[in-house]
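Beneath this line is the structure, given in structure tokens, with notes to follow.
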Protein chains: 2
Amino acid sequence: MSQTVDRALSILPLLAQGPADLGQVADRLGVHKSTALRLLRTLHEHGLVYRQQDQRYRLGARLFALAQEAVENLDIREIAHPHLAALNERIGHTIHLAVYEEGEVLYIDKVESRYPVRMYSRIGKPVAITVAAVAKLLLADLPEPERRALAGKLDYPPYTPRSTPNAAAFLKELATVREQGWATDLGGHEESINCVGAPIRGADGRVVAAMSVSAPNVVVTAEELLSLLPQVRRTADTISREYSGTSPNKDSA
Amino acid sequence: MSQTVDRALSILPLLAQGPADLGQVADRLGVHKSTALRLLRTLHEHGLVYRQQDQRYRLGARLFALAQEAVENLDIREIAHPHLAALNERIGHTIHLAVYEEGEVLYIDKVESRYPVRMYSRIGKPVAITVAAVAKLLLADLPEPERRALAGKLDYPPYTPRSTPNAAAFLKELATVREQGWATDLGGHEESINCVGAPIRGADGRVVAAMSVSAPNVVVTAEELLSLLPQVRRTADTISREYSGTSPNKDSA
DNA sequence: CGAAGCGTTGCGAAGGGTGCAACAGTCATT
DNA sequence: AATGACTGTTGCACCCTTCGCAACGCTTCG
């Protein structure tokens with residue numbers, strides 16, 4: 001809606017592919033060099049773009065800072081974390097927390113067995129949206145037209161023989177998930193990894209996040225993992241209650 | 001230099017502090033609501049800003065994606081990683097890789113003992129620039145006036161009794177580091193953690209990155225850690241040679 | 001030494017952004 | 001139920017800001 005800002009922001013994904021010099025940026029934006037220069041300068045002043053010694057531009061450090069601060073301000077994450085850590089204490093496996101946002105599913109927290117360290121390692125990476133248990137939970141709750149439209153637009157990469165093959169199968173799976181209130185990924189992403197997940201709901205009943213427990217089948221069989229489902233659901237429900245129950249006022253001064 | 005873009009980008013750090021509604025954004029920008037609305041819309045279309053259910057705006061998911069892609073495109077990181085992993089195989093401790101950018105020191109890779117997983121957990125977080133071994137290495141190589149100016153502007157938080165107390169002590173430490181070509185952090189950040197690091201240099205001899213090995217002193221004493229210095233320096237030198245030696249052409253098609 | 005490539009600057013023109021005012025919802029109050 | 005206050009939204013006219021151009025300085029080639 002704002003041409004100048006639109007052009008400036010278009011530079012970011014362009015630079016995400018790798019450093020580029022002024023001419024390249026101007027070309028790919030379809031604007032004059034002087035225009036590109038001014039946009040890049042503004043981005044530079046805000047730290048979103050960095051100029052390396054060969055004068056080429058690449059994405060800047062402030063971007064990390066912003067992403068970091070952003071993830072820390074997600075209140076679901078803040079509320080959920082202690083519960084995820086507690087569950088991890090008991091069962092030991094890797095636990096993920098994820099949210100849905102505009103066509104993408106995004107890990108926002110992860111608790112690794114015996115390492116209670118927050119890892120953002122997968123943040124921003126394209127989640128295997130067609131097979132991940134958390135993705136199924138989040139998409140299953142979308143309004144029907146949106147869900148259908150999204151399913152149609154997705155690719156269905158055959159990670160393994162057990163991956164979701166196409167939109168029809170995916171929609172059917174989502175219906176099942178919505179019905180039963182939990183989801184699995186049994187070797188759909190990596191042959192030897194199984195997951196089981198449950199939804200976290202807000203006060204209005206909508207799914208605001210999803211959590212899952214993952215484990216390689218050399219450690220526990222799929223059946224053993226499924227036997228943890230009650231604990232997973234209980235944790236998810238606890239988080240749901242806390243999230244929707246008391247008003248989590250985060251008003252700043 | 002570009003007013004519109006400047007205003008739009010100013011919204012990002014503002015939202016990093018927490019969600020805000022249209023009026024708040026307009027006020028803090030000093031512009032009319034309608035203007036703020038159009039800027040936010042443009043940011044929204046690019047995924048940098050997300051509108052939550054209560055209509056308030058917060059930072060969006062694309063930000064994570066950009067930060068992620070950016071860090072993957074740092075060629076120093078790409079070249080260094082296998083060497084860091086190899087060193088980690090031998091000595092087992094945590095290894096960091098960091099760069100300097102416009103007044104900030106930034107971790108861009110980390111190899112954890114027995115977990116050869118890339119963790120970006122600390123990316124974007126303010127590094128303890130006055131005490132970290134990698135920070136000393138990077139700042140020690142700055143041109144004198146810049147180094148002096150930066151040292152004067154920094155805060156010197158007393159994390160521990162062994163933390164760098166003030167600018168004078170810091171500059172003296174940096175001189176030592178530049179002299180000897182390596183750096184340590186002996187309990188300056190956390191009482192029980194020691195680090196030893198070495199610089200990675202480009203073809204022109206300038207320090208382009210720094211690496212360090214960290215270990216708690218319950219595992220190895222400071223002396224034992226220092227005994228690893230030759231290995232650390234050898235690894236750093238190997239990376240330096242590879243980085244500056246052959247032309248690492250990363251031209252895309 | 002000249003040519004070609006890059007980034008940079010100042011300028012006039014016009015396109016786009018700005019603020020205003022009015023509208024449409026929602027919520028709380030009376 | 002009606003009123004008011006509050007939000008987010010829209011259309012519009014004015015004028016500021018941005019745009020592309022052309023020329024410049026600079027380095028790097030041939």
Side-chain angles (χ1 to χ4, degrees), chain A residues 1-12 14-15 18-60 102 143 202-206 244 247-252, chain B residues 1-12 14-15 17-60 102 202-204 206 244 247 249-252:
Chain A
M1 291 282 154
S2 169
Q3 189 189 65
T4 315
V5 178
D6 185 51
R7 285 175 171 169
L9 297 183
S10 301
I11 294 179
L12 298 179
L14 196 154
L15 290 185
D21 61 31
L22 180 60
Q24 294 169 341
V25 172
D27 279 352
R28 300 190 57 178
L29 272 186
V31 299
H32 196 269
K33 279 188 305 178
S34 60
T35 305
L37 179 66
R38 244 170 303 122
L39 298 177
L40 281 166
R41 279 209 182 129
T42 312
L43 290 169
H44 179 84
E45 280 182 18
H46 286 260
L48 299 186
V49 146
Y50 177 70
R51 192 155 203 192
Q52 35 189 31
Q53 280 152 0
D54 60 357
Q55 299 226 306
R56 291 192 304 169
Y57 294 92
R58 63 169 172 74
L59 296 180
E102 322 224 2
D204 53 359
R206 292 286 311 270
S244 56
S247 65
N249 268 329
K250 292 206 58 180
D251 298 341
S252 50
Chain B
M1 291 281 154
S2 168
Q3 188 189 69
T4 315
V5 178
D6 185 51
R7 285 174 171 171
L9 297 183
S10 301
I11 295 179
L12 298 179
L14 196 154
L15 290 184
Q17 300 169 19
D21 61 30
L22 181 61
Q24 294 170 338
V25 172
D27 279 351
R28 301 189 56 176
L29 271 186
V31 299
H32 197 269
K33 279 189 306 179
S34 59
T35 304
L37 179 66
R38 245 166 304 124
L39 297 177
L40 281 165
R41 278 206 184 135
T42 311
L43 289 169
H44 179 85
E45 280 182 16
H46 285 261
L48 298 187
V49 146
Y50 178 71
R51 191 156 204 193
Q52 38 189 31
Q53 280 150 0
D54 61 356
Q55 300 224 308
R56 290 192 305 169
Y57 295 91
R58 63 168 172 75
L59 296 179
E102 323 223 359
D204 53 359
R206 293 286 311 270
S244 55
S247 64
N249 269 328
K250 293 206 57 182
D251 299 343
S252 49

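Within every chain, numbering begins at 1; the chains are lettered A, B, ... in the order of the sequence lines, protein sequences first and strands thereafter.
Distance from the side chain of A:Val31 is smallest for D:dG20 among the nucleotides D:dG20, C:dT8, D:dG8.
Among pairs with a residue in residues 32-43 of chain A, those fulfilling side-chain hydrogen bond (donor to acceptor under 3.5 Å, both in side chains) read A:His32-A:Ser34, at least two apart in sequence or across chains.
Both A:Gln24 and B:Arg7 lie close to DNA chain C; mapped to their nearest nucleotides by heavy-atom distance, the more 5′-ward contact belongs to A:Gln24.
Following rounding to the nearest Å, B:Leu22 (CG) and C:dG25 (P) show an atom-to-atom distance of 18 Å. As rounded to whole Å, 17 Å separates atom P of C:dT26 from atom CG of B:Asp21. In this structure, B:Gln3 places its CD atom 12 Å from C1' of C:dG19, rounding to the nearest Å. At whole-Å resolution of the value, CG in B:Asp6 and P in D:dC16 are 19 Å apart. Regarding B:Met1, its CE atom lies at a distance of 11 Å from the P atom of C:dG10, rounded to whole Å.
Note that CG of A:Leu12 is 9.0 Å distant from NE2 of B:His46, once rounded to the nearest 0.5 Å. Residue A:Ser10 holds its OG atom at 11.0 Å from CZ of A:Arg28, rounded to the nearest 0.5 Å. Taken to the nearest 0.5 Å, the CG atom of A:Leu43 stands 12.5 Å off from the CZ atom of A:Arg51. To the nearest 0.5 Å, atom CG of residue A:Asp6 and atom CD of residue B:Glu45 are 6.5 Å apart.
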Worked check of side-chain contact (heavy atoms from CB on, under 4.5 Å) between B:Val5 and A:Leu9: CA-CA 9 Å; B:Val5 178; A:Leu9 297 183; over 6 Å; no
Start with the C-alpha distance between A:Leu59 and A:Leu48, add both sets of side-chain angles, then the distance that settles side-chain contact (heavy atoms from CB on, under 4.5 Å), and finish with yes or no. CA-CA 6 Å; A:Leu59 296 180; A:Leu48 299 186; over 6 Å; no
Report the C-alpha distance between A:Leu39 and A:Arg7 in whole Å, list the side-chain angles of each, state the deciding distance to 0.1 Å, and finish with yes or no for side-chain contact (heavy atoms from CB on, under 4.5 Å). CA-CA 8 Å; A:Leu39 298 177; A:Arg7 285 175 171 169; 3.8 Å; yes
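Residue B:Ser2 has a polar side-chain atom (N or O) positioned under 4.0 Å from OP1 or OP2 of D:dT18. Taking 4.0 angstrom as the limit, B:Thr4 places none of its side-chain polar atoms (N or O) nearer than this to OP1 or OP2 of D:dT17.
The nearest pair of heavy atoms linking A:Val31 to A:Ala36 is CG2-N, 4.1 Å.
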Could you go over nucleotides 13-15 of chain D and give all protein N or O partners under 3.5 Å, atom names and distances?
none

Per-nucleotide protein contact string for nucleotides 22-30 of chain D (B base, S sugar-phosphate only, - none; heavy atom under 4.0 Å): B--------
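In this structure A:Tyr50 satisfies the side chain to side chain donor-acceptor pair (under 3.5 Å) test with no other residue, sequence neighbours excluded. Every residue meeting the side chain to side chain donor-acceptor pair (under 3.5 Å) condition with B:Gln52, not counting sequence neighbours, appears here in chain and number order: B:Asp54, B:Arg58.
For the segment residues 35-43 of chain A, residues with any heavy atom less than 4.0 angstrom from an atom of DNA chain C are, sorted by number, A:Leu37, A:Arg41.
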